[in-house]
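Written below as C-alpha coordinates is the structure these notes are about.
As the structure lists them, so they are numbered: ligands from 1, and atoms in each ligand from 1. In this text, all values refer to a predicted model and were calculated from it rather than measured experimentally.
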Amino acid sequence: MALYFLPYLFMKKNPISSTVDFEKDGVQHGYLKLPHSHDASAWGSIVIPITVAKNGKGPTILLTGANHGDEYEGPIALFDLANQIKADELSGRVIIIPGMNYPAFKAGKRTSPIDGGNMNRVFPGNPEGTFTEKIADYFNQTLLPMADFVVDFHSGGKTLDFLPFCCAHVLDDKEQQEKCIAAMKAFNAPHSVMLLEIDAVNMYDTAAENMGKVFISTELGGGGSTTAYTVEIAKKGIRNILRHAGITEGDLEVDETLNLDMPDDNCYIFSESTGLVEHCVDLGDEVKSGQLIAKVHNIERTGSYPDEYHAKIDGIFTGKHFPGLVVNGDFLGVIAVPV
Ligand code: CA
(Lines give C-alpha, C1' and ligand atoms only; values in the text may rest on other atoms or scores of the structure.)
Protein backbone atom coordinates (compact mmCIF):
# COMPACT_ATOMS: atom_id res chain seq x y z
CA MET A 1 0.00 0.00 0.00
CA ALA A 2 1.31 3.41 -0.87
CA LEU A 3 2.25 5.51 2.14
CA TYR A 4 0.03 8.21 0.67
CA PHE A 5 -3.06 6.27 1.78
CA LEU A 6 -1.91 5.81 5.37
CA PRO A 7 -3.57 8.97 6.77
CA TYR A 8 -6.93 7.78 5.48
CA LEU A 9 -6.70 4.58 7.56
CA PHE A 10 -6.69 6.76 10.66
CA MET A 11 -9.41 9.17 9.49
CA LYS A 12 -12.08 9.25 12.19
CA LYS A 13 -15.79 8.96 11.45
CA ASN A 14 -17.75 12.19 11.76
CA PRO A 15 -20.70 11.97 14.24
CA ILE A 16 -23.04 13.96 11.93
CA SER A 17 -25.75 11.95 10.18
CA SER A 18 -27.94 13.19 7.35
CA THR A 19 -31.70 12.66 6.91
CA VAL A 20 -31.40 13.36 3.17
CA ASP A 21 -30.08 11.02 0.46
CA PHE A 22 -27.60 12.98 -1.64
CA GLU A 23 -27.95 10.52 -4.56
CA LYS A 24 -31.74 10.61 -4.84
CA ASP A 25 -33.54 12.61 -7.54
CA GLY A 26 -36.17 15.13 -6.40
CA VAL A 27 -36.30 17.80 -3.70
CA GLN A 28 -35.67 16.71 -0.12
CA HIS A 29 -35.85 18.94 2.96
CA GLY A 30 -34.10 17.48 5.98
CA TYR A 31 -31.37 17.88 8.53
CA LEU A 32 -27.77 17.26 9.35
CA LYS A 33 -27.91 15.90 12.91
CA LEU A 34 -25.03 16.31 15.33
CA PRO A 35 -25.53 14.71 18.76
CA HIS A 36 -25.35 17.34 21.53
CA SER A 37 -25.97 16.27 25.10
CA HIS A 38 -26.75 19.26 27.31
CA ASP A 39 -28.80 20.35 30.33
CA ALA A 40 -32.07 20.86 28.41
CA SER A 41 -31.77 17.65 26.35
CA ALA A 42 -29.55 14.80 27.52
CA TRP A 43 -29.83 12.90 24.23
CA GLY A 44 -30.39 15.99 22.06
CA SER A 45 -28.92 17.06 18.74
CA ILE A 46 -27.92 20.15 16.84
CA VAL A 47 -30.19 19.88 13.77
CA ILE A 48 -28.96 21.87 10.78
CA PRO A 49 -31.58 22.40 8.02
CA ILE A 50 -30.52 21.18 4.58
CA THR A 51 -32.24 20.94 1.21
CA VAL A 52 -30.96 18.72 -1.58
CA ALA A 53 -32.47 19.11 -5.04
CA LYS A 54 -31.26 16.75 -7.75
CA ASN A 55 -32.22 15.78 -11.25
CA GLY A 56 -30.17 13.31 -13.29
CA LYS A 57 -26.53 13.87 -14.09
CA GLY A 58 -24.76 17.22 -13.97
CA PRO A 59 -22.64 19.39 -11.75
CA THR A 60 -23.15 19.82 -8.01
CA ILE A 61 -23.30 23.23 -6.38
CA LEU A 62 -22.97 23.67 -2.61
CA LEU A 63 -24.59 26.86 -1.28
CA THR A 64 -24.05 28.03 2.30
CA GLY A 65 -25.16 30.93 4.48
CA ALA A 66 -24.38 31.84 8.09
CA ASN A 67 -20.84 30.52 8.11
CA HIS A 68 -20.85 33.50 10.44
CA GLY A 69 -24.18 33.48 12.26
CA ASP A 70 -24.98 37.22 12.14
CA GLU A 71 -24.78 37.66 8.34
CA TYR A 72 -28.21 37.45 6.77
CA GLU A 73 -28.43 38.03 3.00
CA GLY A 74 -27.23 34.49 2.28
CA PRO A 75 -29.59 32.72 4.70
CA ILE A 76 -32.60 34.72 3.42
CA ALA A 77 -31.80 33.98 -0.22
CA LEU A 78 -31.13 30.29 0.55
CA PHE A 79 -34.30 29.69 2.60
CA ASP A 80 -36.11 31.35 -0.31
CA LEU A 81 -34.35 29.12 -2.87
CA ALA A 82 -35.12 25.98 -0.84
CA ASN A 83 -38.83 26.92 -0.82
CA GLN A 84 -38.96 27.48 -4.57
CA ILE A 85 -36.55 25.01 -6.15
CA LYS A 86 -38.04 22.44 -8.52
CA ALA A 87 -36.08 19.32 -9.42
CA ASP A 88 -37.44 19.08 -12.96
CA GLU A 89 -35.85 22.46 -13.77
CA LEU A 90 -32.37 21.17 -12.84
CA SER A 91 -29.60 19.22 -14.55
CA GLY A 92 -27.44 18.23 -11.61
CA ARG A 93 -27.58 18.77 -7.88
CA VAL A 94 -28.07 21.75 -5.58
CA ILE A 95 -27.16 21.40 -1.88
CA ILE A 96 -28.57 24.26 0.22
CA ILE A 97 -27.51 24.91 3.83
CA PRO A 98 -28.81 28.35 4.91
CA GLY A 99 -27.29 28.10 8.42
CA MET A 100 -23.83 26.53 8.25
CA ASN A 101 -22.77 27.39 11.80
CA TYR A 102 -26.33 26.73 12.97
CA PRO A 103 -25.79 27.31 16.74
CA ALA A 104 -24.24 30.71 15.91
CA PHE A 105 -27.06 31.50 13.46
CA LYS A 106 -29.77 30.66 16.02
CA ALA A 107 -28.05 32.86 18.59
CA GLY A 108 -27.61 35.74 16.10
CA LYS A 109 -23.88 35.66 16.77
CA ARG A 110 -20.77 35.45 14.60
CA THR A 111 -19.44 32.49 16.55
CA SER A 112 -20.98 29.46 18.21
CA PRO A 113 -22.45 30.10 21.67
CA ILE A 114 -21.64 26.45 22.56
CA ASP A 115 -17.91 26.39 22.01
CA GLY A 116 -17.02 29.90 20.80
CA GLY A 117 -16.07 28.42 17.43
CA ASN A 118 -15.57 30.73 14.42
CA MET A 119 -16.53 28.42 11.51
CA ASN A 120 -14.24 30.21 9.09
CA ARG A 121 -11.19 29.71 11.31
CA VAL A 122 -11.44 25.98 12.11
CA PHE A 123 -11.06 24.22 8.73
CA PRO A 124 -10.34 21.45 7.89
CA GLY A 125 -12.13 20.72 11.19
CA ASN A 126 -11.89 17.71 13.47
CA PRO A 127 -14.44 14.84 13.79
CA GLU A 128 -13.47 14.49 17.46
CA GLY A 129 -13.11 18.21 18.18
CA THR A 130 -15.51 20.94 19.26
CA PHE A 131 -19.02 21.16 17.77
CA THR A 132 -17.86 23.82 15.32
CA GLU A 133 -14.89 21.64 14.31
CA LYS A 134 -17.19 18.63 13.82
CA ILE A 135 -19.44 20.64 11.46
CA ALA A 136 -16.35 21.86 9.57
CA ASP A 137 -15.04 18.29 9.27
CA TYR A 138 -18.39 17.15 7.83
CA PHE A 139 -18.11 19.83 5.17
CA ASN A 140 -14.49 18.90 4.53
CA GLN A 141 -14.95 15.11 4.38
CA THR A 142 -18.49 14.76 2.98
CA LEU A 143 -19.99 17.90 1.39
CA LEU A 144 -17.06 19.63 -0.32
CA PRO A 145 -15.89 16.46 -2.13
CA MET A 146 -19.37 16.21 -3.76
CA ALA A 147 -19.28 19.79 -5.10
CA ASP A 148 -18.04 21.28 -8.35
CA PHE A 149 -19.11 24.83 -7.46
CA VAL A 150 -19.13 26.27 -3.95
CA VAL A 151 -20.73 29.60 -2.98
CA ASP A 152 -20.35 30.76 0.64
CA PHE A 153 -22.42 33.83 1.48
CA HIS A 154 -20.95 36.37 3.86
CA SER A 155 -21.89 39.89 4.86
CA GLY A 156 -20.34 42.23 7.38
CA GLY A 157 -22.20 40.95 10.42
CA LYS A 158 -22.66 43.12 13.49
CA THR A 159 -19.18 44.67 13.41
CA LEU A 160 -18.49 45.34 9.70
CA ASP A 161 -20.21 46.97 6.74
CA PHE A 162 -19.31 46.49 3.07
CA LEU A 163 -20.09 47.74 -0.39
CA PRO A 164 -21.93 44.69 -1.75
CA PHE A 165 -19.45 42.49 -3.59
CA CYS A 166 -18.79 38.99 -4.85
CA CYS A 167 -15.18 37.86 -4.53
CA ALA A 168 -12.61 35.37 -5.72
CA HIS A 169 -9.06 34.80 -4.50
CA VAL A 170 -5.67 34.87 -6.15
CA LEU A 171 -4.71 31.17 -6.44
CA ASP A 172 -1.51 29.36 -7.33
CA ASP A 173 -3.45 27.30 -9.91
CA LYS A 174 -4.22 29.95 -12.54
CA GLU A 175 -6.63 27.69 -14.45
CA GLN A 176 -8.67 27.23 -11.27
CA GLN A 177 -8.41 30.97 -10.53
CA GLU A 178 -9.84 31.80 -13.97
CA LYS A 179 -12.82 29.48 -13.30
CA CYS A 180 -13.41 31.22 -9.96
CA ILE A 181 -13.23 34.64 -11.63
CA ALA A 182 -15.71 33.48 -14.31
CA ALA A 183 -18.09 32.37 -11.54
CA MET A 184 -17.65 35.70 -9.73
CA LYS A 185 -18.46 37.57 -12.95
CA ALA A 186 -21.52 35.38 -13.54
CA PHE A 187 -22.75 36.11 -10.00
CA ASN A 188 -22.68 39.75 -11.13
CA ALA A 189 -22.79 41.64 -7.82
CA PRO A 190 -22.48 45.45 -8.14
CA HIS A 191 -18.80 45.01 -7.21
CA SER A 192 -16.48 42.12 -8.10
CA VAL A 193 -13.40 41.91 -5.91
CA MET A 194 -10.14 39.97 -6.06
CA LEU A 195 -9.89 39.60 -2.30
CA LEU A 196 -6.81 39.54 -0.15
CA GLU A 197 -7.59 37.68 3.09
CA ILE A 198 -6.10 38.93 6.34
CA ASP A 199 -5.56 35.32 7.45
CA ALA A 200 -6.52 32.61 4.92
CA VAL A 201 -5.32 29.62 6.98
CA ASN A 202 -8.18 27.48 8.35
CA MET A 203 -10.83 29.21 6.22
CA TYR A 204 -13.61 27.26 4.46
CA ASP A 205 -12.57 29.15 1.32
CA THR A 206 -9.06 27.71 1.52
CA ALA A 207 -10.33 24.16 2.15
CA ALA A 208 -12.59 24.35 -0.92
CA GLU A 209 -9.88 25.92 -3.07
CA ASN A 210 -7.30 23.33 -1.98
CA MET A 211 -9.68 20.63 -3.25
CA GLY A 212 -9.72 22.33 -6.64
CA LYS A 213 -13.32 23.56 -6.38
CA VAL A 214 -14.68 26.62 -8.15
CA PHE A 215 -15.20 28.77 -5.05
CA ILE A 216 -16.70 32.24 -4.68
CA SER A 217 -17.80 34.19 -1.66
CA THR A 218 -19.57 37.49 -0.98
CA GLU A 219 -19.73 40.45 1.37
CA LEU A 220 -23.20 41.86 0.77
CA GLY A 221 -23.68 44.52 3.43
CA GLY A 222 -23.41 44.41 7.16
CA GLY A 223 -24.32 45.74 10.57
CA GLY A 224 -26.14 42.53 11.46
CA SER A 225 -29.14 43.25 9.21
CA THR A 226 -30.11 43.45 5.53
CA THR A 227 -31.70 45.76 2.97
CA ALA A 228 -34.07 44.83 0.14
CA TYR A 229 -31.27 45.90 -2.23
CA THR A 230 -28.61 43.57 -0.75
CA VAL A 231 -30.99 40.60 -0.44
CA GLU A 232 -31.89 40.93 -4.12
CA ILE A 233 -28.17 40.88 -5.00
CA ALA A 234 -27.93 37.49 -3.26
CA LYS A 235 -31.06 36.13 -4.99
CA LYS A 236 -29.97 37.30 -8.43
CA GLY A 237 -26.46 35.94 -7.82
CA ILE A 238 -27.91 32.50 -7.07
CA ARG A 239 -30.07 32.53 -10.22
CA ASN A 240 -27.00 33.52 -12.25
CA ILE A 241 -24.56 31.03 -10.74
CA LEU A 242 -27.00 28.13 -11.26
CA ARG A 243 -27.18 29.08 -14.96
CA HIS A 244 -23.41 29.59 -15.17
CA ALA A 245 -22.87 26.10 -13.69
CA GLY A 246 -25.24 24.62 -16.29
CA ILE A 247 -27.61 23.38 -13.57
CA THR A 248 -30.50 25.58 -14.74
CA GLU A 249 -31.23 27.01 -18.18
CA GLY A 250 -31.48 30.64 -19.20
CA ASP A 251 -29.42 33.74 -19.87
CA LEU A 252 -27.48 35.51 -17.14
CA GLU A 253 -29.06 38.67 -15.71
CA VAL A 254 -26.25 41.14 -16.26
CA ASP A 255 -26.02 44.58 -14.65
CA GLU A 256 -23.02 46.85 -14.36
CA THR A 257 -20.26 45.68 -12.01
CA LEU A 258 -17.19 47.57 -10.80
CA ASN A 259 -14.08 45.38 -10.74
CA LEU A 260 -11.90 45.96 -7.70
CA ASP A 261 -8.62 44.54 -6.48
CA MET A 262 -7.06 44.36 -3.03
CA PRO A 263 -3.39 44.25 -4.05
CA ASP A 264 -1.60 44.08 -0.67
CA ASP A 265 -1.79 44.85 3.06
CA ASN A 266 -1.75 48.60 2.33
CA CYS A 267 -5.46 48.40 1.52
CA TYR A 268 -6.30 47.80 5.19
CA ILE A 269 -6.50 50.42 7.94
CA PHE A 270 -6.48 49.26 11.58
CA SER A 271 -7.00 51.26 14.75
CA GLU A 272 -4.22 51.69 17.28
CA SER A 273 -6.60 53.70 19.47
CA THR A 274 -9.49 52.89 21.76
CA GLY A 275 -12.48 55.22 21.60
CA LEU A 276 -15.23 56.63 19.40
CA VAL A 277 -14.71 56.28 15.65
CA GLU A 278 -15.65 59.07 13.24
CA HIS A 279 -15.41 57.85 9.64
CA CYS A 280 -14.60 60.79 7.36
CA VAL A 281 -15.56 58.97 4.14
CA ASP A 282 -18.48 56.70 3.27
CA LEU A 283 -18.60 53.33 1.51
CA GLY A 284 -18.25 53.81 -2.24
CA ASP A 285 -16.32 57.10 -1.90
CA GLU A 286 -13.23 57.58 -4.05
CA VAL A 287 -10.24 58.25 -1.80
CA LYS A 288 -6.64 59.34 -2.38
CA SER A 289 -3.46 58.15 -0.68
CA GLY A 290 -2.88 60.31 2.40
CA GLN A 291 -6.56 61.28 2.71
CA LEU A 292 -8.07 61.34 6.20
CA ILE A 293 -10.25 58.21 6.50
CA ALA A 294 -11.18 58.13 10.18
CA LYS A 295 -10.62 59.80 13.52
CA VAL A 296 -10.79 58.01 16.85
CA HIS A 297 -11.87 60.26 19.70
CA ASN A 298 -10.60 59.70 23.21
CA ILE A 299 -13.75 59.22 25.30
CA GLU A 300 -11.93 59.32 28.65
CA ARG A 301 -11.51 63.11 28.59
CA THR A 302 -12.39 66.24 26.66
CA GLY A 303 -9.75 68.52 25.24
CA SER A 304 -7.56 65.84 23.60
CA TYR A 305 -7.22 65.66 19.86
CA PRO A 306 -8.47 62.49 18.13
CA ASP A 307 -6.01 60.07 16.52
CA GLU A 308 -6.18 60.28 12.72
CA TYR A 309 -6.03 57.45 10.20
CA HIS A 310 -5.14 58.06 6.56
CA ALA A 311 -5.42 56.10 3.32
CA LYS A 312 -2.20 54.40 2.21
CA ILE A 313 -3.41 53.93 -1.38
CA ASP A 314 -5.81 55.49 -3.91
CA GLY A 315 -9.06 53.60 -4.41
CA ILE A 316 -12.67 53.08 -3.38
CA PHE A 317 -13.66 52.89 0.29
CA THR A 318 -15.06 49.33 0.31
CA GLY A 319 -15.50 48.17 3.91
CA LYS A 320 -15.63 49.68 7.39
CA HIS A 321 -16.03 49.02 11.08
CA PHE A 322 -19.74 49.24 11.92
CA PRO A 323 -20.30 50.00 15.64
CA GLY A 324 -19.38 53.42 17.01
CA LEU A 325 -16.76 52.26 19.49
CA VAL A 326 -13.40 50.72 18.58
CA VAL A 327 -10.45 49.31 20.48
CA ASN A 328 -6.77 49.08 19.61
CA GLY A 329 -6.40 46.47 16.85
CA ASP A 330 -9.88 46.88 15.36
CA PHE A 331 -10.34 47.07 11.61
CA LEU A 332 -11.28 50.64 10.60
CA GLY A 333 -11.60 50.32 6.84
CA VAL A 334 -10.45 48.80 3.58
CA ILE A 335 -9.71 50.50 0.28
CA ALA A 336 -9.96 48.53 -2.96
CA VAL A 337 -8.48 49.58 -6.28
CA PRO A 338 -10.56 49.78 -9.49
CA VAL A 339 -9.06 47.67 -12.29
CA1 CA B 1 -18.20 36.85 7.44
- Item | Non-hydrogen atoms of V214 and K179 that approach each other most closely |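 Scanning both residues, the minimum pair turns out to be CG1-O, 3.6 Å.
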
- Task: Decide if atom CG of D251 counts as having more than 12 heavy atoms of other residues, nucleotides or ligands within a radius under 6.0 Å.
- Result: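 No - once you tally the heavy atoms of other residues, nucleotides and ligands closer than 6.0 Å, there are 12 at most.
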
- Query: Does CD in E253 sit with more than 12 non-hydrogen atoms of other residues, nucleotides or ligands closer than 6.0 Å?
  - Reply: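 Yes - once you tally the heavy atoms of other residues, nucleotides and ligands closer than 6.0 Å, there are more than 12.
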
- S273 and Y309: side-chain donor and acceptor closer than 3.5 Å?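 Short answer, yes.
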
- Query: Can you list the protein N, O or S atoms less than 3.0 Å from the Ca ion (ligand 1)?
  - Reply: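 Per the 3.0 Å query on the Ca ion (ligand 1), atoms found are H68 ND1, E71 OE1, E71 OE2, H154 ND1.
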
- With a 4.0 Å cut-off, would you call K54 and D25 a salt bridge?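 Yes, this pair counts.
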
- Co-members of the apolar cluster containing I299 [side chain, <4.5 Å]: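 Reading the cluster by chain and number, I299 sits alongside L276, L325.
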
